[in-house]
Amino acid sequence: MATARQQAIQTIATTVHYLNRIEFKGLEFKDMFGCNVFNEAEQKARLPKPIFKALQKTIKLGAQLTEPAIADAVASAMKDWAIEHGATHYTHLFQPLTGLTAEKHDSFLSPCGDGTALAEFSGNELVKGEPDASSFPSGGTRSTFEARGYTGWDPTSPAYIRETPNGATLVIPTVFVSWTGEALDKKTPLLRSMEALSNQAIRIIRLFGHDNVKRVYTTVGPEQEYFLIDKNFLYARPDLINCGRTLFGAKPPKGQELEDQYFGTIPERVIACMADCETEMFKLGIPVKTRHNEVAPSQYEIAPIYEDSNLATDHNQLTMDVMRRTAENYGLVCLLHEKPFAGINGSGKHNNWSMSTDTGENLLNPGDNPHDNAQFLVFCVAVIRAVAKYPELLRVSVASAGNDHRLGANEAPPAIISIFLGDQLQDIMDQLERSDLKSTKQGGYMEVGVSVLPKLPRDAGDRNRTSPFAFTGNKFEFRAVGSAFSIGGPNTVLNTIVAESIDFIATKLEADVKGGKTLNKAIQDLLPGILKESKKVIFNGNGYSEEWHAEAAKRGLPNLKTTVEAIPQVISKASIELFTKYKVLTERELYSRYEIFSEKYVKEISIEANMMVHMAKTMILPAAMRHQSEVAGSVNATKAAGIDVGTQLEELKTLTTTINKFQAAIKALEHAADHTATGDTYSHAKYMKESVVTKMEELRTHGDALETMVADDLWPLPTYREMLFIK
């Protein structure tokens, strides 16, 4: 009888996939973008002029919608537009502290009592919903019996239509808060942090005389990495189904050693899936720009153009959802875990972050002569100071059990938070620290040595792929974010620490200018001192090297290698003072997240440990013992025939020893996983890391060794060489 693995391979080999799902010829591609979004153009066309102006004032300037009539008018227009697009229901979409999105659907239909019904949607229904809050993580802010929670309309993120096989749904992005007002989601703190940064950045903008600027936005362009494998392999791997990653799997003969996957030709089935995903994303107004093969086999990336941080967060959550759903239509499964396969590169989500004014100016754009660009220098130094002062908070913002497998390996930044500036900006900062700003290094042109090629301009600085926080021309790239993350959390932290740093600088400059100094003199006096205090976090070398780890320790930079080490930073004195000062998170909300992060870690490790034991006992051990029986029978038969069995006997002994070690490791993991929690949730998380994770690693070592010994026709699990290379 064929194993599930053999059946999966047979099914893949004989299945023909229909790839031509979209007819691009004759399609007005540009007209597709945003066609399913209730965007500014639709609002202008459908709303009375005063209502439209009031709504835009809220969206662009943060003004509060105080008139109920405005919400009623918007709801009516939104309903009519949605019904024209085939919608029968609406939903308030929110981002609970699970890291995913949540939704409850309600019909537009309201019975009239005479056997008929009307399609209705009021301003009250638009503005507020009431899902059950008791079943979402609250970290102790809500008891099980305290069920009331509210969704609140976020006008700054436009509603859109989600098309499904039978009808469509109007999706309204919302915040999610408890009856007592605590944030139970990722969006509320993000919006608060954006407002905090804007308030502080405007102070600097005013000092430079830009009175026309009303608001400063943080912008993000998240590069999303992911794996695509055949769905039949998923069904034969219980660990992938339940944990999102392989808990067993020996190193394949070929991995990424040849470096032939990166930017290679995209397989036909994969590019068909990508095109389908992008079509759906274009309709939803997601500005996806690039697609390519990533470093690991069967790994890919999709990247959008930058947007307002709030909208970028919503769009990234939607991107992950679209990819998961669409992949199934092509017989594929989209894996977003940070490390679905051991021994090859995992997946991240590079968070390209900057600040822009409502007039369109990028505040981190150095221009042609950054040494003369005082405004750029102020904002850039503010970011450097923020990262130097709060590296622990940036680290905990990307902490998870999944990301622990990735951070620090030769594929992702180390857990030590540092900044890469590049040659040009480093030279300018060195001059600034010496109070001797005179020049800017220029890139010039590259000498390629081929006469027919045009001159290729050289950037003024190289890139550093080992840095967790790198300046890349007009933005900072936070590369430590995990692929499955909501970017809401990391950007909330980034916005808040930079807001504090800008506040510090603005307060000093305002006082100096008020005291009679010119602005330039005040800047020249202030920034060198800040750089001297903050330069410990600047590092332009190899972040993977042992020398850097030793140097970082000398500099006093924290190295929180695991999630368990990072979690306490959520409720550190510095964290509580920071987030409460800028009204981004209350102390109670911070403690709730401390509990949620700890509990999530415990649950994820517990699920993985139990799944490992299950697979070890019911799949791997039976296969290994069958193979042992066959080898033992062969040894006995050969010996009975009077033939020397020395080599075969050694093989049997090695196999038996490995099986014995494997069985002992199963028992050890079972015992560790059966631990009864004592103390608080964080203490349990520490136990899981110190006792359970180590036992899991030991069990995997012996299980992977058995994969290299057991007869191929007996091995039950799809292997790495199959999952990563059979398309």
Side-chain angles (χ1 to χ4, degrees), residues 4-6 8-13 15-17 19 223-278 288 290-303 319-320 322-350 402-403 405-406 409-412 482-484 704 707 715 717-727:
R5 164 179 162 246
Q6 293 163 339
I9 295 171
Q10 179 63 28
T11 301
I12 295 167
T15 299
V16 178
H17 297 277
L19 304 182
E223 304 169 28
Q224 179 71 58
E225 295 174 343
Y226 60 99
F227 282 81
L228 289 174
I229 66 169
D230 194 281
K231 189 162 59 174
N232 289 285
F233 287 135
L234 176 77
Y235 297 146
R237 294 283 320 208
D239 46 3
L240 279 178
I241 293 173
N242 288 273
C243 307
R245 75 179 183 100
T246 54
L247 302 174
F248 294 99
K251 183 180 178 180
K254 179 182 185 293
Q256 60 192 55
E257 298 88 350
L258 296 179
E259 300 173 335
D260 54 350
Q261 161 76 6
Y262 195 46
F263 280 26
T265 302
I266 304 172
E268 279 194 354
R269 181 153 56 129
V270 171
I271 202 167
C273 178
M274 287 178 169
D276 202 340
C277 284
E278 289 167 352
V288 290
T290 64
R291 63 190 184 202
H292 62 82
N293 282 10
E294 256 299 332
V295 172
S298 290
Q299 187 186 32
Y300 309 94
E301 180 181 295
I302 185 169
T319 293
M320 292 189 287
V322 168
M323 290 195 304
R324 287 191 193 100
R325 293 177 188 238
T326 307
E328 293 187 9
N329 296 332
Y330 295 84
L332 298 167
V333 60
C334 177
L335 301 177
L336 292 168
H337 192 283
E338 284 76 22
K339 195 75 169 180
F341 303 100
I344 63 171
N345 276 21
S347 297
K349 184 153 23 195
H350 301 171
N403 218 15
H405 296 288
R406 170 179 165 267
N410 282 9
E411 58 181 273
S483 54
D704 291 354
E707 183 182 327
W715 191 254
L717 298 169
T719 64
Y720 279 20
R721 71 178 185 273
E722 294 156 351
M723 290 186 287
L724 294 172
F725 293 100
I726 296 178
K727 299 285 192 296

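None of the values given here were measured: they were computed from a predicted structure.
- Scanning all heavy atoms of the two residues, the minimum distance from Phe233 to Pro718 falls at CD2-CB, 3.6 Å.
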His17/Tyr330 under ring-ring contact (aromatic ring centres under 6.0 Å, His included): CA gap, chis, key distance, verdict: CA-CA 6 Å; His17 297 277; Tyr330 295 84; 8.1 Å; no
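- Under the 30°/60° scheme for interplanar angles, the aromatic rings of Tyr226 and Tyr300 are found to be tilted.
- Between the Lys339 side chain and the Ile344 main chain, a donor and an acceptor come within less than 3.5 Å of each other.
- Of the possible donor and acceptor atoms, one in the side chain of Asn293 sits under 3.5 Å from a partner among the backbone N and O of Gln261.
- Here the side chains of Thr246 and Met723 are in contact, with some heavy-atom distance below 4.5 Å.
- The closest donor-acceptor contact from the side chain of Glu338 to the backbone of Arg406 lies at 3.5 Å or more, if one exists at all.
- Note that the CG atom of Leu234 and the CG atom of Leu332 stand 11.0 Å from one another [nearest 0.5 Å].
- Put simply, the side chain of Lys349 gets close to the backbone of Ser483: a donor and an acceptor are under 3.5 Å apart.
- A distance of 3.5 Å separates NE2 in His405 from CZ in Arg245, rounded to the nearest 0.5 Å.
- Between the side chain of Asp239 and the backbone N or O of Leu247, at least one donor-acceptor pair lies under 3.5 Å.
- Separating the OG atom in Ser298 from the CG atom in Asp230 is a distance of 10.0 Å, to the nearest 0.5 Å.
- For the residue pair Ala327 and Cys273, the shortest heavy atom distance occurs at CA-SG, 3.7 Å.
- Between Ile302 and Met274, every side-chain heavy-atom pair lies at or beyond the 4.5 Å cut-off.
- Between Pro297 and Gln256, the closest side-chain pair of non-hydrogen atoms falls below 4.5 Å.
- Side-chain contact between Phe341 and Ile229 is present, with heavy atoms from C-beta onward closer than 4.5 Å.
- Inter-residue side-chain proximity for Glu223 and Thr290 is flagged as unmet; no heavy-atom pair is nearer than 4.5 Å.
- Between Pro340 and Gly244, the closest heavy-atom pair is CB-O, 3.9 Å.
- Using a 4.5 Å heavy-atom cutoff, the side chains of Phe227 and Gln299 are in contact.
- Taking NZ of Lys251 as the reference point, atom CG of Asp704 lies at 12.5 Å (rounded to 0.5 Å).
- Side chain of Arg5 to main chain of Trp715: a donor-acceptor pair is present (N/O by atom type, distance under 3.5 Å, no hydrogens or angles).
- Using a 4.5 Å cut-off on side-chain heavy atoms (C-beta onward), Arg291 and Ile271 make contact.
- Atom NZ of residue Lys254 and atom CG of residue Leu724 lie 9.5 Å apart, to the nearest 0.5 angstrom.
- Put simply, the side chain of Tyr235 does not reach to within 4.5 Å of the side chain of Leu240, judged on heavy atoms.
- If you take CG on Asn329 and CG on Asp276, they are separated by 6.5 Å, rounding to the nearest 0.5 Å.
- In this structure, Thr11 and Thr15 approach most closely via the heavy-atom pair O-OG1, 2.6 Å.
- Of all non-hydrogen atoms in Pro267 and Lys727, the two that sit nearest each other are CG-CE, 4.0 Å.
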